[in-house]
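Working notes, beginning with the structure itself.
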Amino acid sequence: MGREWNKVWRGLVALAGCLAVSSYLSAASLDEEQPEVRVIIDVSGSMRHNDPDQLATEALELLVALVPSGARAGVWTFGERVANPLPPGPANLEWRDRARALSSLLVDYQQYTDIESAIFQAASAEEVAGPRHLVLLTDGRIDLPDWRGSKPAIDTASREALLEELGPRLAEENVVVHAIAFSDEADMDLVERLAQMTGGLSAPVAAPDALLAAFLAIVDRIFPSDRVPVTDQRFLIEPGLRGFTALLFRGEGEEMPELVAPDGRRYSADSPPDGAEWRRESRYDLVQVPDPQAGQWRLEGAPGQDSRITIESPLSLQTAGVPDTFYIGFDVPVEAWFARDGEAVATEALPPHLQLTAELRDASGTVQSAVSLSQQEARFVGRLPAPALGGNAQFVVRAEGQGFRRQRVQPINVLPAISAQHDEAGQQVLLAAEHPQLDRDNTRLFGQLQGARLEAESVGERRWSMALPELDAALSIPLILRGEVTLDGETRELRLPRLMLFSSVATAIDQVDASPALEVARFHEELAPVRESRTGSALPEPLERVVSHVQELPKIARERWREWRPVLAEPLEKTLSEPLWRWLLGTLLAALILLILLVKILRRRRAVPREEPHV
């Protein structure tokens, strides 16, 4: 496994170098208050066991290469002590050389792991005008030296301080924490909660295939860029683009990708376009095409889900008011516009027949909600319907016009508006507002537990507690949480994810065996009536045979019609021309229909549904 990881990391480093050379995130496109990246790398003793091939060294090389030219970045290391071997500075060639020279420091392992101090010192370094993004790379959990106090109390105290004090303060100071854990021993609950409260991304990298996607998602969050959408393996390149970069993923043994230009010329790694750079690695192809031919391009092969076509253009798609975190049950205001070389584009200069849509896609790429944006002069506005599922997702704004395609992708987190935690020792549920507008003045929370309603009482400005009755700790029990929220004079119902009490217990309340005559069902689910199966007929046997033959007549007629049609067509036509025969045939047909209806009524009366008793 270590060798496989090492091979993947080397490929990622090569990709990162190509991305840096391509400069699709050029310094000219960066805002004045550009974000600063601070990389924090774990060099604790556990890394010797979890990182035998020194993947952290190559991770540093990858992250350094992914930082666009002109952006500011720095590097910290931590174990028992925290060091800053590379203070933040502009990412130029000199800075990159200095960063790569740090590889020897990453094998100077230390015995313990002080994550709290590492994040505190990296965040407290020189302040900048723009946001600060901390990228934490770790394989373990908080483990402090014995001289600082008794264990595990000191480790627990450090963890609580990080989540309850430092994390909220970082969020207030506009410091975002992203975390990548490439070991099963990492404290994923810690890094996930820290990333969520600061608006960052977190990813467990349990397989090599997930590593590249995790790094690219963080880069997309920190340094967003314009793309052109790929539909049915086709993408449209508008006139005037400076270039595009195609990052094409593929599985092992899959067909090698090719590019087909609008004029029909085919390009591959062996015959790239004029002036282009085509790099082929084991898991992906990276193609940089300067001054591309305008028109519709086509991809040959089967590019993976994370494949992308990134463009470099003086005209860029901009968005505002879109948070890094969405909340279940709350719609999202969206505002988008176009800028040329940093200046907003007037209405008359927009591409003709321009339409914009906003979408929320889950981790698999499925669209969960969407809205068409309405144009108000040079701006496009709308409200994205509230998400219903939590987790990592993508917010996508798509623009389509005559000869024009563009999209902007933003990785986001989707969280419940209220977080809930079962305090088994205190026999209560602790609730906290995650949505920034919710507090005790506008929010009422309650629960439903085994048919009983439970009320939550506020214990702080944005915190509540819900007392629980005596429960059997040997059973895992579902608690349904609901709320009422009043915002802007409007009261709405707030639905929250179900909380399983005693979730670590193997047996749930809806898994307990009962007697054969009873069925135990979840109390919050509607019970469907159970119909008694019958093998006997509801009609006397002679009548049942007649009905059976009658019901078979249409089928037999259809099967025999082709054979009988030449013979019967002429006599039948003559017969139906006489009124008497038409009346007799009509009467017979009506009698057959009444007989079938009578049979159905008798069967319904005989087969009465019986509802089983239930708990």
Side-chain angles (χ1 to χ4, degrees), residues 12 15-16 19 24-25 30 34-35 37 39 62-63 66-68 71 130-137 171 174-182 188 191-205 209-230 245 247 249 304-310 316-328 330 332 334 336 357-370 384 386-398 406-416 434:
L12 295 178
L15 166 63
L19 291 177
Y24 71 87
L25 293 173
L30 297 175
Q34 61 188 22
V37 183
V39 183
L62 170 65
L63 289 171
L66 284 174
V67 176
R132 284 161 286 171
H133 288 259
L134 311 184
V135 181
L136 174 66
L137 180 67
N174 202 23
V175 177
V176 182
V177 180
H178 309 277
I180 292 181
F182 57 92
M188 277 308 303
V191 297
E192 285 178 352
R193 292 175 60 186
L194 189 61
Q196 289 175 355
M197 72 174 62
T198 60
L201 298 175
S202 61
V205 183
D209 291 339
L211 183 59
L212 182 57
F215 276 99
L216 291 177
I218 292 177
V219 172
D220 286 341
R221 168 68 66 84
I222 302 175
F223 303 106
S225 59
D226 280 7
R227 306 181 194 171
V228 291
V230 179
T245 299
L247 178 58
F249 294 100
Q305 176 180 333
D306 293 316
S307 299
R308 60 192 60 191
I309 309 295
T310 308
S316 61
L317 177 61
Q318 304 291 322
T319 59
V322 180
D324 294 329
T325 301
F326 292 3
Y327 297 94
I328 297 175
F330 288 84
V332 181
V334 182
T357 59
E359 300 175 346
L360 180 65
R361 302 175 183 173
D362 60 20
S364 66
T366 303
V367 176
Q368 298 295 326
S369 62
L384 184 70
L389 302 175
N392 292 334
Q394 288 184 331
F395 171 73
V396 181
V397 175
R398 296 169 59 98
R406 191 68 58 87
Q407 71 179 16
R408 177 66 67 97
V409 180
Q410 176 182 331
I412 55 117
N413 295 319
V414 180
L415 302 178
E434 299 291 345

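Bear in mind the structure is a predicted one, so any value in this text is a computation, not a measurement. Basis for what follows: all heavy atoms, side chains included, without hydrogens, waters or symmetry-related copies.
For Glu434, the side chain to side chain contact (heavy atoms under 4.5 Å, CB included) partners are Tyr327, Ser419, not counting sequence neighbours. Remark: Asp362 pairs with Ser364, Thr366, Gln368 by the side chain to side chain contact (heavy atoms under 4.5 Å, CB included) rule, at least two apart or across chains. Annotation: side chain to side chain donor-acceptor pair (under 3.5 Å) contacts of Ser316 (sequence neighbours excluded): Gln318. Every side chain to side chain donor-acceptor pair (under 3.5 Å) that Glu359 has, sequence neighbours left out, goes to Arg361. With sequence neighbours excluded, no residue forms a side chain to side chain donor-acceptor pair (under 3.5 Å) with Asn413. Val230 meets the side chain to side chain contact (heavy atoms under 4.5 Å, CB included) test with Phe235, Leu299, Ile309; sequence neighbours excluded. In this structure, Ala386 has no side chain to side chain contact (heavy atoms under 4.5 Å, CB included) partners at least two apart in sequence or on a different chain. Scanning for side chain to side chain donor-acceptor pair (under 3.5 Å) contacts around Gln196 gives an empty result, with sequence neighbours left out. Taking the salt bridge (Lys or Arg N to Asp or Glu O under 4.0 Å) definition, one finds that Arg227 meets it with Asp220, sequence neighbours left out.
Note: His133 and His178 have parallel aromatic rings, judged against thresholds of 30 and 60 degrees for the angle between ring planes.
Nearest approach of Arg221 to Pro411, heavy atoms of both residues: NH2-O, 2.5 Å. Nearest heavy-atom pair across Ala393 and Val414 is CB-CG2, 4.1 Å. Residues Pro387 and Phe326 come closest through the heavy atom pair CG-CB, 4.1 Å. The minimum heavy-atom distance linking Asn174 with Pro131 is given by the pair ND2-CB, 3.5 Å. Between Val37 and Ile222 the shortest heavy-atom distance is CG2-CG2, 4.0 Å.
A heavy-atom distance below 4.5 Å is not found between the side chains of Leu360 and Val332.
Taking CG from Asp226 and OG1 from Thr310, the interatomic distance works out to 9.0 Å, rounded to the nearest 0.5 Å. A distance of 11.5 Å separates CE of Met197 from OG1 of Thr325, quoted to the nearest 0.5 Å. The CD atom of Gln394 sits 13.5 Å away from the CZ atom of Arg408 when rounded to the nearest 0.5 Å. Taken from CD1 in Ile180 to CG in Leu136, the straight-line distance is 9.5 Å, to the nearest 0.5 Å.
Between Val334 and the choices Leu384, Thr319, Thr357, the side chain to side chain contact (heavy atoms under 4.5 Å, CB included) rule is met once, by Leu384.
Side-chain N or O atoms of Ser202 include none that pairs as donor or acceptor with a backbone N or O of Val191 at under 3.5 Å. Side-chain atoms of Gln410 do not come within 3.5 Å of backbone N or O of Val397 as any donor-acceptor pair.
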